[in-house]
Amino acid sequence: MAYGSAVIGFTRLLILIIAGSLCLAAAAVDPSRQKHVLKVAIIDWCPQICRNKNQPGYIIEIVNTVFAEGPYQLAFYEYPWTRGIMQVRSGELHALLAPTKDEAPNLLFPEREVGVQKMCFFRRAEDHWQFTGTHSLEGLKIGMVNDVFIREIDQYKNDNRHQFQISSYYDGSYIKRSLRMLTSGRLDTFIFTYHSTQLEIKKEGLAGRVVSAGCFSETSLYMAFSPSPDLTDEVSSMMRHFDKRIDAMWRSGEMKAILKRYQ
């Protein structure tokens with residue numbers, strides 16, 4: 001009897017162990033518990049988006065925090081700016097960081113922005129030129145990034161394309177190249193975001209030699225999503241999650257804490 005009871009007890013224990021293992025296995029493959037990969041196109045654009053794991057940029061930190069909770073797992077893919085826009089527009093990727101609405105008008109934009117940018121002109125310090133309107137651009141050699149839209153000078157650029165040297169943007173080399181062309185006299189001025197250019201000016205030891213020559217109004221930056229019909233349901237859910245978490249981060253103080261680290 002004692003032997004039979006032991007066998008029965010062992011059998012019951014074995015059944016419980018197997019049942020528990022099956023439950024864990026079921027949970028592991030339960031689609032409702034799995035993270036959905038959210039594919040995001042990015043560029044190297046410090047201090048907004050950086051290649052530094054310890055300080056990846058304030059926009060990356062914000063987006064990582066937004067999607068740390070919820071059913072999504074972020075996967076970042078670095079592309080040249082123009083190609084990134086195309087990849088998201090076609091539905092190859094879910095989202096793009098971080099255009100203005102004018103730069104990628106065919107993409108879908110959530111209600112909440114992820115940051116702001118200020119485009120500025122930069123010149124040699126000894127030139128004393130200052131942007132005061134399109135009339136002040138006459139005769140200048142101007143550097144600019146492809147697929148960057150600046151409403152205040154867009155018509156002038158279209159009418160005077162011979163003055164503009166348009167380059168693709170892939171990484172920080174655009175700023176380095178523009179600074180070299182500026183200091184060597186091959187450009188009179190170039191246009192790019194204020195904080196990124198100031199950071200590169202310091203790195204290149206050009207503080208005091210290259211200065212800002214006027215800026216445009218600040219514009220909002222977004223995590224823009226794909227309009228592809230194949231991704232409609234996914235993207236709608238992602239955008240709702242994004243807006244909800246951004247609001248929560250402002251209320252909790254998380255957003256201010258992230259931004260403060262990059263000031």
- Asn146 side chain to Ser167 backbone, donor-acceptor under 3.5 Å: no
- Arg186 side chain reached by Lys141 side chain, heavy atoms, under 4.5 Å: no
- Hydrophobic cluster identity match, Phe149 and Met144, side-chain contacts under 4.5 Å: no
- Item | Closest non-hydrogen atom pair between Val145 and Tyr169, with its separation | CG1-CB, 3.5 Å
- Task: Would you mind listing every salt bridge (charged side-chain N to carboxylate O under 4.0 Å, His left out) that reaches into residues 227-238, with sequence neighbours excluded?
- Result: none
- So does His241 have more than 12 non-hydrogen atoms from other groups sitting under 6.0 Å from NE2? yes
- How close do Leu38 and Ala95 get, heavy atom to heavy atom, and via which atoms? CD2-CB, 4.2 Å
- When rounded to the nearest 0.5 angstrom, what distance separates CG in Asn160 from CD in Gln155? 9.5 Å
- Which residues satisfy the salt bridge (Lys or Arg N to Asp or Glu O under 4.0 Å) test with Glu61, sequence neighbours excluded? Arg261
- Among Val40, Leu231, Leu96, whose side-chain contact (heavy atoms from CB on, under 4.5 Å) with Val88 holds? Leu96
- Item | salt bridge (charged side-chain N to carboxylate O under 4.0 Å, His left out) contacts in which one or both residues fall within residues 102-115, not counting sequence neighbours | Asp102-Arg151, Arg112-Asp247
- Message: Tell me whether Lys244 contacts the main-chain N or O of Met239 through its side chain, where contact means a donor paired with an acceptor under 3.5 Å.
- Response: no
- Item | Shared hydrophobic cluster for Ile166 and Ile85 (ILVMFWY, side-chain gaps under 4.5 Å) | yes
- Item | Donor-acceptor contact below 3.5 Å, side chain Trp81 vs main chain Ile42 | no
- Atom pair OH (Tyr58) and CE (Met255), whose distance is rounded to the nearest 0.5 Å: 10.0 Å
- Residue pair Ser252 / Glu254, side-chain donor-acceptor N/O under 3.5 Å: yes
- Query: Any chain of hydrophobic side-chain contacts (each under 4.5 Å) joining Val66 to Leu259?
  - Reply: yes
- Establish whether Leu97 and Met86 are linked, either directly or via other cluster members, by ILVMFWY side-chain heavy-atom contacts under 4.5 Å. no
- Query: When rounded to the nearest 0.5 angstrom, what is the spacing between CG in Leu179 and OG in Ser184?
  - Reply: 10.5 Å
- Sub-3.5 Å donor-acceptor pair from the side chain of Lys101 to the main-chain atoms of Leu107, do we have one? no
- Task: Search all heavy atoms of Ser212 against all heavy atoms of Tyr194 and return the closest pair with its distance.
- Result: CB-CE1, 4.2 Å
- Query: What's the shortest heavy-atom distance between Glu152 and Thr134, and which atoms?
  - Reply: O-CG2, 3.7 Å
- Answer yes or no: is there a side-chain heavy-atom contact under 4.5 Å between Lys157 and Ile142? no
- Item | Working for side chain to side chain contact (heavy atoms under 4.5 Å, CB included), residues Tyr79 and Ile43 | CA-CA 6 Å; Tyr79 287 104; Ile43 55 172; 5.9 Å; no
- For the student: nearest non-hydrogen atoms of Gly91 and Ser228, plus distance: CA-CB, 3.7 Å
- Mind checking whether Thr100 and Phe109 have side chains closer than 4.5 Å, heavy atoms only? no
- Message: Working note: Ser237 + Tyr72, criterion side-chain hydrogen bond (donor to acceptor under 3.5 Å, both in side chains); need CA distance, chi angles, decisive distance, verdict.
- Response: CA-CA 10 Å; Ser237 177; Tyr72 303 106; 2.6 Å; yes
- Tell me whether the centres of the aromatic rings in Phe122 and Phe192 are closer together than 6.0 Å. no
- Spacing of CZ belonging to Phe164 relative to CG belonging to Asn158, to within rounding of 0.5 Å: 9.0 Å
- Query: Do His94 and Phe225 have ring centres separated by under 6.0 Å?
  - Reply: no
- Query: Looking at CD of Gln73 and NZ of Lys35, how far apart are the two atoms once the value is rounded to the nearest 0.5 Å?
  - Reply: 7.5 Å
- Item | Aromatic ring proximity Phe216/Phe131, centre distance under 6.0 Å | yes
- Look only at the side chain of Asn52 and the backbone of Asn54, and say whether a donor-acceptor pair between them is shorter than 3.5 Å. yes
- Note on the structure: By side-chain contact (heavy atoms from CB on, under 4.5 Å), Ala248 pairs with (sequence neighbours left out) Arg245, Arg251
- Item | Single-linkage hydrophobic cluster Met223~Ile49, side-chain heavy atoms < 4.5 angstrom | yes
- Task: With the side chain counted from C-beta on, respond yes when Thr219 and Val116 share a heavy-atom pair under 4.5 Å apart, and no when they do not.
- Result: no
- Message: Strictly distance-based, threshold 3.5 Å: is any side-chain N or O of Arg124 a donor or acceptor partner for the main-chain N or O of Leu182?
- Response: yes
- Partner set under side-chain contact (heavy atoms from CB on, under 4.5 Å) for Cys46, not counting sequence neighbours: Cys50, Leu199
- Message: I'd like to check the side-chain contact (heavy atoms from CB on, under 4.5 Å) partners of Val114; sequence neighbours left out, ordered by chain and number.
- Response: Ile59, Ile62, Val63, Ala98, Leu221, Phe242
- Query: Please walk me through it: do Tyr262 and Gln55 pass side chain to side chain contact (heavy atoms under 4.5 Å, CB included)?
  - Reply: CA-CA 9 Å; Tyr262 290 85; Gln55 205 167 25; 3.2 Å; yes
- CZ of Arg177 to CE of Met181: how many Å apart, nearest 0.5 Å? 8.0 Å
- Message: Given Phe121, which partner from the list Ile191, Leu140, Thr197 fulfils the side-chain contact (heavy atoms from CB on, under 4.5 Å) test?
- Response: Ile191
- Message: Test your reading of the model: is there a side-chain donor-acceptor pair from Arg123 to the backbone of Trp129, 3.5 Å cut-off?
- Response: yes
- Exercise: identify the closest heavy-atom pair between Glu218 and Lys118: CG-CB, 4.0 Å
- State plainly whether the residues Glu78 and Arg51 are in salt-bridge range, i.e. N to O under 4.0 Å. yes
- Task: Evaluate side-chain hydrogen bond (donor to acceptor under 3.5 Å, both in side chains) for Ser196 paired with Gln48, printing each intermediate quantity in order.
- Result: CA-CA 8 Å; Ser196 298; Gln48 293 80 210; 3.0 Å; yes
- Query: Does any donor atom in the side chain of Gln163 or Tyr156 lie under 3.5 Å from an acceptor atom in the other side chain?
  - Reply: yes
